[in-house]
Structure formats: C-alpha cells, structure tokens
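Single-structure report; data block below.
Within every chain, numbering begins at 1; the chains are lettered A, B, ... in the order of the sequence lines, protein sequences first and strands thereafter.
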There are 2 protein chains.
Amino acid sequence: MSANSRLTLAAHALAWIGLYQRQGHEVATSEQIATSANTNPVVIRRLLGELRRAGLVESRRGVGAGWSLARELESMTLLDVYEAVEPGPLFAMHRTTPDQGCVVGYGIQPAMQGIYEGIEETLRHELARVTLENVLRDVLAAPR
Amino acid sequence: MSANSRLTLAAHALAWIGLYQRQGHEVATSEQIATSANTNPVVIRRLLGELRRAGLVESRRGVGAGWSLARELESMTLLDVYEAVEPGPLFAMHRTTPDQGCVVGYGIQPAMQGIYEGIEETLRHELARVTLENVLRDVLAAPR
DNA sequence: TCCCGTTGCAACCTTTGCTGTTACGACTGC
DNA sequence: GCAGTCGTAACAGCAAAGGTTGCAACGGGA
C-alpha cells in the first residue's frame, strides 16, 4: 500500500497549533509548523486548507496572519481529520472492469464492495475514538 | 490514500481457482485468471507468487502446469491474503524526520505509532473474520 | 498611502509505487 | 525434442504525493 502520511502530518499540525495557543499565542504560521514538521510551508498550507474546508481550523491574512483552531482539541477526532484529508476508499476495486461474462468477474466487485464497507465502518469507529486532545497528551508524554 | 487493488485482485484470483477446482479441474492457469480479471497474466503470476510464499497456493510447472489452492477456502481469511500482498503499515509517518528539538516534533511519531498500532490491530481482526469461502459465496450470490 | 508579512493558489518537477508489457530461461509431461 | 506454462527480469506508462518557486491578495501599522 502506498502508505500515506497525510493523516500523520495533519495531526502534527493540529497538535502544534493547539499547544502554541495554550502557550498564549493567537495564531501559528505555516512557516513555524513547517519547521517543526521538517517540510515546506506550502505543503502545510495545502493541508491546513483542507482542514479549514472541514471547519477544523481558521486562517487570518494580512499582518499578524496565521492559523488558529476553530474548535477545541477535545471535540476533534482523528475521524474528522481523516475525512478531511483522505478522499478515497481504503481498498480499491480493479483498475479495469473484470470480464462480466465470467461468474467471478461479474460477482467479485459487489462482493468485495460489501465486505469493504463493513471494514471501513469499523475503521471509522476506531478513528472516532481518538481525539486530538488524546494525541497531544501522548505527544507530551513521550519520554526524554 | 493511494488506493490499492492488490487485495481485491488476490481475492478474485483465489475465488476463481477455488470455483474452478470445485468444477473438477486440477489447476488453473494465470492466463485464465487474467482473462477473468481483465489484466495481464504476468500481473497474476506476480501476485500468486506472493500468495505461494505465504502458503496459500501452489504452482506446478511443465505441461499441464498451473495453480491450485494449498488449503481450503474456509481456512483462508482476508487477513492471510492482506498480509501476503500488503507489506507496509496502513498509515505512514512523516517522510522526513520532524524537528527533534521541538516538543511536538519529538513526541508526534511515538504518539501516532501507538495509536496506529491499535487501529491496525482492529483492522486485522476485521479482516480475519472474513474467509475466502465467504467471499466466494458473496460472489455467487450476486443477482443477475 | 505605502510597506511588510502572511495566506491562497497555480504551475511545475521529482520521487515513488503499481500496473502493464515484452522477453526469455526453466521446468516437465508427452 | 517439443509444447505449454511458470518464474522473473527489465522497462515503459501512469497516477498520486510531496517539494519548490513565483506571485497576487489581503490587511494591519507606519
């Protein structure tokens, strides 16, 4: 599976903004977050843009601009973040339509479709159990 | 997520071989399976090679060669197939190591690591609940 | 009114992984 | 020896993600 770091990076950004705000700052810049994540500010802006569309963060422009949380970390779950940054399904069907004249080729897609739906529902449920507050607590609990 | 059709294709191939054997045939060829899946025989051989390494199928060479199941479909689960064809973890960490001098950059990877492990364990449990026999039954149950 | 720092966004390149394709050697029953 | 199939390497094509550059838009302050 082409492993995807978008969820990790989004959680990183949210935890960073949340911690920064608790330290008394109003907004965080993509530059600061990019430094922490060791990547490019544009990558952060793109990702935070998706989170903004999902209502998780807000952005201000002009002087003293930057990003702030739209909700408390306690009320954000990894499922919210996952849905904001991961569009497609977990498992894909065939690239090309199987032979519809073959019994297996005809029935395989509806069969796997149904199975995958149940599995993804369970995945969503698991993701919904973890709040960004949990994430930040785990981050701060890392032993030095 | 770069959606991955390997699990779907592997399930297709196993269901095809299983059904073919129940119809009284000894072995199935990669050519036949490729026709059903509407792809290239080499793609099928590569994938079945991974399933062979996992002990799910066997192959014979020479005249009258082909593939056969190494176990009954009832004793194979989607987890067996998943582990055979999907090497990496479901969610990836950052591409580049985050800033270890930053509290969040330092703690984010162990934090997400622990969270992801729990989620993947649940995913494995779900995959283990579905046997290839279930898959074949669903395939044959597709309405014409 | 101008300046400055930041977001918003488009365009492009590079890398990576999967898939498709061709080619050919290895094997085995006849 | 022949024919049919696997086993595998090599390469091209394609798509997605990430990285990079460039620049317009915004808005508070001087």
What orientation do A/Tyr20 and A/His25 show, parallel under 30°, tilted 30 to 60°, or perpendicular over 60°?
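Answer is parallel, since the angle falls under 30°.
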Lys/Arg-Asp/Glu bridge criterion (N-O < 4.0 Å) met for B/Glu126, B/Arg129
yes
With a 4.0 Å cut-off on N to O distance, would you call B/Glu133 and B/Arg22 a salt bridge?
yes
By nearest heavy atom, map B/Gly64 and A/Leu9 onto DNA chain D; which one lands nearer the 5' end?
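So the residue in question is B/Gly64.
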Start at the 5' end of DNA chain D and walk down; is the nucleotide closest to B/Arg53 or to B/Thr96 reached first?
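The answer here is B/Arg53.
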For nucleotides 25-28 of chain C, print each protein N/O atom paired with a nucleotide N/O atom at under 3.5 Å, atom names and distance only.
{"from": "C/dG25", "atom 1": "N2", "to": "B/Arg61", "atom 2": "NH2", "distance (Å)": "3.3"}
{"from": "C/dA26", "atom 1": "N3", "to": "B/Arg61", "atom 2": "NH2", "distance (Å)": "3.2"}
{"from": "C/dC27", "atom 1": "O2", "to": "B/Gly62", "atom 2": "N", "distance (Å)": "3.3"}
{"from": "C/dT28", "atom 1": "O2", "to": "B/Val63", "atom 2": "N", "distance (Å)": "3.3"}

Listed in order of residue number, which residues of residues 25-52 of chain A have a non-hydrogen atom at under 4.0 Å from DNA chain D?
A/Thr39, A/Asn40, A/Val42, A/Val43, A/Arg46
Regarding B/His12 and B/Ser36, do their side chains bring together a donor and an acceptor under 3.5 Å, going by distance alone?
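Looking only at side-chain atoms, B/Ser36 and B/His12 do form a donor-acceptor pair, the distance falling under 3.5 Å.
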Do A/Tyr116 and B/Thr8 have side-chain atoms, one donor and one acceptor, less than 3.5 Å apart?
yes
Within the structure, does a side-chain N or O atom of [X] lie under 4.0 Å from either OP1 or OP2 of [N]?
{"X": "A/Ser5", "N": "D/dA17", "result": "no"}
{"X": "B/Ser59", "N": "D/dT5", "result": "no"}
{"X": "B/Arg60", "N": "C/dG29", "result": "no"}

Kindly check if the number of other-residue, nucleotide or ligand heavy atoms within 6.0 Å of CD (A/Glu72) is above 12?
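No - once you tally the heavy atoms of other residues, nucleotides and ligands closer than 6.0 Å, there are 12 at most.
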Please determine whether the number of non-hydrogen atoms from other residues, nucleotides or ligands lying under 6.0 Å from atom CD of A/Gln23 exceeds 12.
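Yes, because the 6.0 Å sphere around CD of A/Gln23 holds more than 12 heavy atoms from other groups.
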What is the distance from atom CG of B/Asp99 to atom CD1 of A/Ile33, rounded to the nearest 0.5 Å?
13.5 Å
Nearest-Å distance, [atom1] ([X]) to [atom2] ([N])?
{"X": "A/Glu58", "N": "C/dT7", "atom1": "CD", "atom2": "P", "result": "14 Å"}
{"X": "B/His94", "N": "C/dT15", "atom1": "NE2", "atom2": "C1'", "result": "19 Å"}
{"X": "A/Asn4", "N": "D/dA16", "atom1": "CG", "atom2": "P", "result": "12 Å"}

Write down the atom of A/Val135, the atom of B/Ala111, and the distance for their closest heavy-atom approach.
O-CB, 4.3 Å
